[in-house]
Amino acid sequence: MKIGILALQGAFAEHRKKLEELKADSFEIRNKKDLYHDMEGIIFPGGESTTMGKLLKDLDMLEVLKSKIKEGLPVFGTCAGMILLAGSLEEASPHLGLMDITVKRNAYGRQLGSFYTEEEFKGLGRIPMTFIRSPYITKVGKEVTVLSEVEGHIVAAEEKNMLVTSYHPELTPSHEVHRYFIEKFCRK
Ligand code: GLN
């Protein structure tokens, strides 16, 4: 089991730590050539989606990543990572556009948008959720399963090989969402 973590910017180290605690190997993806390593899944961390999208474009990684995910590579996007996967953004910036969701960036406001709560994740029960200037999903397509909602807003969902959360499971003590990704998506 080897998981690649997009490490251009943002909270990639925290995901590596989670995977290490779950005894899953990981490596950092910093350029196009790293995308050709063997991997059973890939994680897009939180950070700043406009910066990450621009770096992916400048490093010529957008198309390779897009085709790998379209071919079935399991992907888990947290926060900015979710924005990169969104099929539709309420405010355009370079992204992959693969998942049938519409996402609103900084949906809780730019300054005061950070908070902690505990809510249901479908099938896992209540889990801790840390939000940092997070987006939420305003629309989902027919093939998308909603996994978490907080105060009426969709904050976690999956579609085929893609899993996204508005919040940061890597910044909480829980391993549940990473375990879910590894077991349900990557171990096939
Ligand atoms: N606000 C950031 C963005 O729009 C996302 C924040 C995060 O990933 N913690 O890209």
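Each ligand, and each atom within it, is numbered from 1 in the order the structure gives.
- Scored by the salt bridge (charged side-chain N to carboxylate O under 4.0 Å, His left out) test, K54 finds D58 as partners (sequence neighbours excluded).
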Nitrogen or oxygen contacts under 3.5 Å, ligand 1 side and protein side:
| unit_1 | atom_1 | unit_2 | atom_2 | d |
| --- | --- | --- | --- | --- |
| ligand 1 | 1 (N) | N106 | OD1 | 2.7 |
| ligand 1 | 1 (N) | R133 | O | 2.9 |
| ligand 1 | 1 (N) | R133 | NH1 | 3.4 |
| ligand 1 | 4 (O) | R105 | NE | 2.7 |
| ligand 1 | 4 (O) | R105 | NH2 | 2.9 |
| ligand 1 | 8 (O) | G47 | N | 2.9 |
| ligand 1 | 8 (O) | G47 | O | 3.1 |
| ligand 1 | 8 (O) | A80 | N | 3.1 |
| ligand 1 | 9 (N) | I132 | O | 3.0 |
| ligand 1 | 9 (N) | H168 | NE2 | 2.9 |
| ligand 1 | 10 (O) | S49 | N | 2.6 |
| ligand 1 | 10 (O) | S49 | OG | 2.8 |

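- The ring of F115 has its center closer than 6.0 angstrom to the ring center of Y108.
- Between T165 and S148 the shortest side-chain heavy-atom distance does not fall below 4.5 Å.
- Looking at heavy atoms from C-beta onward, K122 lies out of side-chain contact with V146 at the 4.5 angstrom threshold.
- For F44 and F76, the ring centers sit 6.0 Å or farther from each other.
- Scanning all heavy atoms of the two residues, the minimum distance from M52 to L8 falls at O-CD1, 4.4 Å.
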